[in-house]
Protein chains: 2
Amino acid sequence: MSGSIKNWQSVQAEVLRRIHARIWRPGAQIPNEADLAAEFGCARATVNRALRNLAEAGLLDRRRKAGTRVALQPVAKATLDIPVIRLEVEGRGQRYGYRLMAREAGPPPPEIAAAMGIDAAGAALHLVALHLADEDPYALEDRWINLGVVPAARNAPFDEISGNEWLLAHAPYTHGEIGFSAVIADAAAIAALACPDPSALFVLDRLTWDQTRVVTKVRITYGPGHEMTTAL
Amino acid sequence: MSGSIKNWQSVQAEVLRRIHARIWRPGAQIPNEADLAAEFGCARATVNRALRNLAEAGLLDRRRKAGTRVALQPVAKATLDIPVIRLEVEGRGQRYGYRLMAREAGPPPPEIAAAMGIDAAGAALHLVALHLADEDPYALEDRWINLGVVPAARNAPFDEISGNEWLLAHAPYTHGEIGFSAVIADAAAIAALACPDPSALFVLDRLTWDQTRVVTKVRITYGPGHEMTTAL
DNA sequence: CAGTGGTCTAGACCACGAT
DNA sequence: TCGTGGTCTAGACCACTGA
């Protein structure tokens, strides 16, 4: 018996050690919570907290009655933080700049309207803006805001504050989808981001909802060479 | 007062409702755990579970003594699941195929050795493999395995099983880094993935460690149009 | 110093689901 | 059916940190 195991972090560490040392093999069942609690001399709730945490991380598979097993194919979970772009730039120690390039209210084109679930009569606000880091182009934002859901956006000062930040402060959302992909820079992107032709650009698409209605749809096109990283 | 609030999910839902309804504004402090427990008629631990969960999701900021506040700039956390490619393909309902294209053991080139922390005398195994979905190229895998850490890899059957899956089963890792970016397809990628020239390809770079030593370094280059999505 | 969140405990009941 | 994890409770002590 090693040092005292009393808190959930040390239980988790000990479980990790056993998995890593192959004492508990991938696919194998591990003792149940009550037995582990007895072995470690702590409460079952403490063991539960540790194991639940590891299961959320994908290292354990837990099922009632079937027990807890070491995951066979631990699915890596990469948690990406997607901050407001201003904070992302400032976090790199660069000076942030913002320039609104286009702003137009009106019915969106059919494919946008369909993706956002806006009918023909509905109105949307289209914004195109450039985010700068130390005066250099950093990312291009192309956003549609559903004015049926956020009417106040029609008169919001988007020449001073980015759509992202204004919406965060004024239009909460309940859930959303996010997607990452790579695209060849089109003419507009080449001009705005001052990148060579051809360029491969990293793109983030986001669609956010308030209950059943789309609040906003945005595509962020990052400058060439952009990388999004995280610990695993 | 709505229906009874007894479990942490309903506490969380109620807190979300209040944030969303602007009863608790961004930046504002909310009541402490004990008060909320009294209001909801449940134990403090239940409130704690709900609020801790929301804090992990980035919607609340919690600090001892300072209390709990509604986050000013809720950082969106996108959790990407990075499964084994075989499961990713099969999950789309396609048939998975795998072809080893190159395999060579020896000292890695300087930039790879540096990234992996291998000295001049160290040996590595270089694998290039193609993953197929319904016979079509799906992703190109370019992997370096540190033979100093995983000597058994030298004789592993990588013509039958992908480096990813073999390593998961035989070489546990303690932590890693992952990065996503976009690249212009080079000649090798164009040939292997059968994509037009030029193409923008989505790339995943991963470096995994066992304690202090790099286990493997891999770059997965996905076929054109690949998108990685997740709920928000 | 004192208020707040972080955690542990011992016990209890329940929901799920494998057999 | 009944073993297992999921959760709740009431109470307690502690760690951190703002005032």
Side-chain angles (χ1 to χ4, degrees), chain A residues 1-16 18-19 24-72 74-75 77, chain B residues 1-16 18-19 24-72 74-75 77:
Chain A
M1 180 76 44
S2 52
S4 57
I5 292 180
K6 280 277 159 193
N7 50 340
W8 72 267
Q9 287 100 334
S10 57
V11 170
Q12 174 166 333
E14 173 61 13
V15 171
L16 273 175
R18 292 186 187 184
I19 293 174
W24 293 335
R25 308 236 151 204
Q29 185 165 354
I30 76 174
N32 67 34
E33 294 187 349
D35 289 350
L36 287 175
E39 185 197 339
F40 294 146
C42 65
R44 182 164 80 93
T46 306
V47 174
N48 178 275
R49 173 82 188 267
L51 297 187
R52 179 173 18 106
N53 219 40
L54 290 172
E56 279 166 9
L59 277 96
L60 295 176
D61 284 332
R62 316 194 76 194
R63 265 156 37 224
R64 281 164 157 131
K65 167 79 177 178
T68 300
R69 293 174 175 280
V70 179
L72 227 24
V75 174
K77 311 243 182 198
Chain B
M1 179 75 44
S2 51
S4 58
I5 292 181
K6 281 278 158 194
N7 50 338
W8 70 268
Q9 288 98 332
S10 57
V11 171
Q12 174 166 334
E14 173 61 14
V15 171
L16 274 174
R18 293 185 187 183
I19 293 173
W24 293 335
R25 308 235 150 205
Q29 185 165 354
I30 76 174
N32 67 33
E33 294 188 347
D35 289 349
L36 286 175
E39 185 198 339
F40 295 147
C42 66
R44 181 164 80 93
T46 305
V47 173
N48 179 275
R49 173 83 188 266
L51 297 188
R52 179 175 16 106
N53 218 40
L54 290 172
E56 279 166 10
L59 278 96
L60 295 176
D61 285 332
R62 317 194 75 195
R63 265 161 33 227
R64 282 164 160 134
K65 166 77 179 178
T68 300
R69 294 177 174 278
V70 179
L72 227 24
V75 174
K77 311 242 182 198

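Lettering follows sequence order; numbering is per chain, from 1. Worth knowing before you read on, the calculation uses all heavy atoms, side chains too, and leaves out hydrogens, waters and symmetry mates. What you see is a predicted model; the values in this text were computed from it and never measured.
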Interatomic distance, A:Leu36 CG vs D:dT4 C1' [rounded to whole Å]: 13 Å
For B:Lys77, what residues pass the side chain to side chain contact (heavy atoms under 4.5 Å, CB included) criterion, not counting sequence neighbours? A:Thr79, A:Asp81
N/O donor-acceptor pairs under 3.5 Å from side chains in residues 42-52 of chain A, not counting sequence neighbours:
{"unit_1": "A:Arg44", "atom_1": "NH1", "unit_2": "A:Glu33", "atom_2": "OE1", "d": "2.6"}
{"unit_1": "A:Asn48", "atom_1": "ND2", "unit_2": "A:Glu33", "atom_2": "OE2", "d": "2.8"}

Is any side-chain heavy atom of B:Leu36 closer than 4.5 Å to a side-chain heavy atom of B:Asn32? no
Could you check whether any side-chain N or O of B:Arg69 sits under 3.5 Å from a backbone N or O of B:Ala28, counting only pairs where one atom can act as donor and the other as acceptor? no
From CZ (B:Arg25) to CD1 (B:Ile30), nearest 0.5 Å: 15.5 Å
Please list, by residue number, the residues of residues 53-67 of chain B whose heavy atoms come closer than 4.0 Å to an atom of DNA chain C; answer none if no residue qualifies. B:Arg62, B:Arg63, B:Arg64, B:Lys65, B:Gly67
Looking at A:Thr68, does any N or O in its side chain come under 4.0 Å of the phosphate oxygens OP1/OP2 on D:dG5? yes
How would you label the contact of A:Gln9 with the nucleic acid (heavy atoms, under 4.0 Å): base, sugar-phosphate, or nothing? sugar-phosphate
Gap separating the CZ atom of B:Phe40 from the CG atom of B:Asp35, nearest 0.5 angstrom: 11.0 Å
Set of residues satisfying side chain to side chain contact (heavy atoms under 4.5 Å, CB included) with respect to B:Asp61, sequence neighbours excluded: B:Ala71
Please list, chain by chain and in numerical order, all residues satisfying side chain to side chain contact (heavy atoms under 4.5 Å, CB included) with B:Ala55, sequence neighbours excluded. B:Leu60, B:Arg62
Let's see if you get this right: which residues in residues 45-52 of chain A place a heavy atom under 4.0 Å from DNA chain D? A:Asn48
First and last nucleotide of DNA chain C in contact with chain A, 5' to 3', at under 4.0 Å to a heavy atom: what are they? C:dT7 to C:dA18
For A:Leu16, all residues meeting side chain to side chain contact (heavy atoms under 4.5 Å, CB included), sequence neighbours excluded: A:Gln12, A:Leu54, A:Leu59
